[in-house]
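Report on the structure given below.
Please read these numbers as outputs of a predicted model, since none were measured by experiment.
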Amino acid sequence: MHMEVLAPKISKCPDMEPSYSKSICCPNTRFLSIKKSSKGEQMKNICQRIGIPCRALKSDRRNSFSAGMKFQLDDVIEAQQFDRDTLNAIFEVARDMENIEKNSPGSQLLKGYLMATLFYEPSTRTRLSFESAMKRLGGEVLTTENAREFSSAAKGETLEDTIRTVEGYSDIIVMRHFESGAARRAAATASIPVINAGDGPGQHPTQALLDVYTIEREIGKLDGIKVGLVGDLANGRTVRSLAYLLAKYKDVKFYFVAPEVVKMKDDIKEYLTSKEVTWEESADLIEVASECDVVYQTRIQKERFGERVELYEEARGKYIVNQDVLKVMQSHAVVMHPLPRLDEITVDVDADSRAAYFRQAKNGLYIRMALLKLLLVGW
């Protein structure tokens, strides 16, 4: 039976750089397979054998983010992996990537690297933005658009076997899957970096990163903001990951506006409460919109309802961002949406300067360029 435990604090010997083993659980920690010893443990054992004293590695944020240093994470699996310092540093790299995209076409930063995209669910923005990000940095792409039907998964191959095969062809794997927790399984199997591009109703950490990046750019701050999460909060992996990330900032308040059948799940509410983050549920979108800096709208996800069509129809169309909502919003506030949209934001909202969702989508390119750069070549 393959078991995983949290890695202990890394030890460092003189003149040796720290090494990070697989992590997919907590901020700046790693899941460590008991079948393998981490490089940190190996160095500690070597030091003990030859009589050199080892010392605990002290946290030095400046050194951690210095050019040429290894990125703190081996994989990007869930929003809880990131702390504020790491987020700020990633956003700096994203700004650098924006400059590259606009001013330095033909970058060869990732020349010689190959990214495999494994998408078991449909995607437009996430898959194309990752592929664009890789190519804009000089890398190459192997892609499967519908791995659920047009890969060996259709023949019954396990996810683990697929990952073991694909890692032999590539340097990094970007995966979207229909099962919550699939990205965690893939990362535990792979010896190369894995990026979770959405795992069922679980999480979508790169979307949350681009969302927080967008909020900072649009509003100018992340502390002290009020955010209304609207729509399918039970099945929406984007809102779950966003809640986890924004909980790291001070004096953030959430409003949950959702039909009864897709209300925010208790695990997110309990997590926010444990972090002393204020939240409340409301059935009045107009009132919430008047209070918020960000109205984050989401579609009701029909694919999560299965045969419960009547419940989907009950939920769909209950909360719509339209001109009535815009009228009560503050002048600095923004409307965001992870897209695609159906009818939950009317088309006439697009012309309003507070409609940030297409700018939000473009920011996904810069965040994903940054993550690919960090995971493959470091800071």
> Is a side-chain donor or acceptor of Tyr366 paired with a backbone partner of Val93 at a separation under 3.5 angstrom?
Replying inline: no
Taken to the nearest 0.5 Å, the spacing of Ile215 CD1 from Asn363 CG works out to 11.0 Å
d(Asp171 CG, Met115 CE) to nearest 0.5 Å is 11.0 Å
request  = Carefully, step by step, assess Glu131 and Arg127 under the rule salt bridge (Lys or Arg N to Asp or Glu O under 4.0 Å).
outcome  = CA-CA 6 Å; Glu131 293 180 5; Arg127 184 173 64 86; 3.3 Å; yes
Looking just at side-chain N and O atoms, do Gln203 and Gln80 make a donor-acceptor pair shorter than 3.5 Å? yes
Are side-chain N/O atoms of Thr162 and Glu157 paired as donor and acceptor at under 3.5 Å? yes
ask   = Does Asn196 reach the main-chain N or O of Ile77 with its side chain, forming a donor-acceptor pair under 3.5 Å?
value = yes
Over 60° means perpendicular and under 30° means parallel, so classify the ring planes of Tyr244 and Tyr271, tilted if in between.
perpendicular
> Does a donor on one side chain and an acceptor on the other come within less than 3.5 Å for Gln330 and Asp293?
Replying inline: no
**Connected via hydrophobic side-chain network under 4.5 Å: Tyr296 and Val288** = no
d(Leu371 CG, Leu376 CG) to nearest 0.5 Å is 10.5 Å
Decide salt bridge (Lys or Arg N to Asp or Glu O under 4.0 Å) for Arg184 and Asp199; before the verdict, give the C-alpha distance in whole Å, the side-chain angles of both, and the deciding distance to 0.1 Å. CA-CA 9 Å; Arg184 185 185 296 270; Asp199 58 342; over 6 Å; no
Are Leu87 and Leu209 packed together at the side-chain level, in the sense that at least one heavy-atom pair is separated by less than 4.5 angstrom? yes
For Val194 and Ala183 the tightest heavy-atom approach is CG1-O, 4.4 Å
**Study point:** Any donor-acceptor N or O pair under 3.5 Å, side chains Ser191, Glu167
**Key:** yes
If two hydrophobic side chains count as joined below 4.5 Å and joins carry through other members, does Met336 share a cluster with Tyr255?
no
- Message: Using 30° and 60° as the class boundaries, would you call the ring planes of Phe71 and Trp379 parallel, tilted or perpendicular?
- Response: perpendicular
Hey, quick one: are Leu242 and Ile345 part of the same hydrophobic cluster, counting side-chain heavy atoms closer than 4.5 Å, chains of contacts allowed? no
Closest non-hydrogen atoms of Ala79 and Pro205, given as atom of the first, atom of the second and distance, are N-CB, 4.0 Å
Review point. Side-chain contact, heavy-atom cut-off 4.5 Å: Phe254 with Val277?
Key: yes
Check the side chains of Glu92 and Asn88 for a donor-acceptor pair under 3.5 angstrom, ignoring hydrogens and angles. no
Q | Under 3.5 Å donor-acceptor, Gln81 side chain and Asp75 backbone | A | yes
So CD1 of Ile192 and CD1 of Ile172: to nearest 0.5 Å the spacing works out to 7.5 Å
**Request:** Tell me yes or no: between the side chains of Ser132 and Arg136, is some donor less than 3.5 Å from an acceptor?
**Result:** yes
Item to complete: Consider only side-chain heavy atoms of I, L, V, M, F, W and Y, link residues closer than 4.5 Å, and tell whether Phe256 and Tyr249 are in one cluster.
Response: yes
Separation between CD1 (Ile90) and CG (Leu73), nearest 0.5 Å, reads 7.0 Å
- Message: Do Val227 and Leu285 land in one hydrophobic cluster if side-chain heavy atoms of ILVMFWY residues count as linked below 4.5 Å?
- Response: no
So, Asp83 versus Thr86: side-chain donor-acceptor pair below 3.5 Å or not? yes
ask   = For Phe119, is the NZ or CZ atom of Arg176 found under 6.0 angstrom from the centre of its six-membered ring and inside 45 degrees of the ring axis?
value = no
Interatomic distance, OG1@Thr298 vs CG@Leu342, rounded to 0.5 Å, equals 10.5 Å
When every non-hydrogen atom of Arg359 is compared with those of Ala355, the smallest separation belongs to NH1-O, 3.4 Å
Exercise for the section: For salt bridge (Lys or Arg N to Asp or Glu O under 4.0 Å), just list the numbers for Glu281 and Lys269, CA-CA rounded to whole Å, side-chain angles, deciding distance to a tenth of an Å, and then say yes or no. Expected result: CA-CA 10 Å; Glu281 294 183 306; Lys269 298 174 185 175; 2.8 Å; yes
Inset, instruction - Would you mind reporting whether Asp96 and Ile100 have side-chain heavy atoms less than 4.5 Å apart? - result: no
Would you say the side-chain atoms of Thr346 and Asp348 include a donor-acceptor pair closer than 3.5 Å?
yes
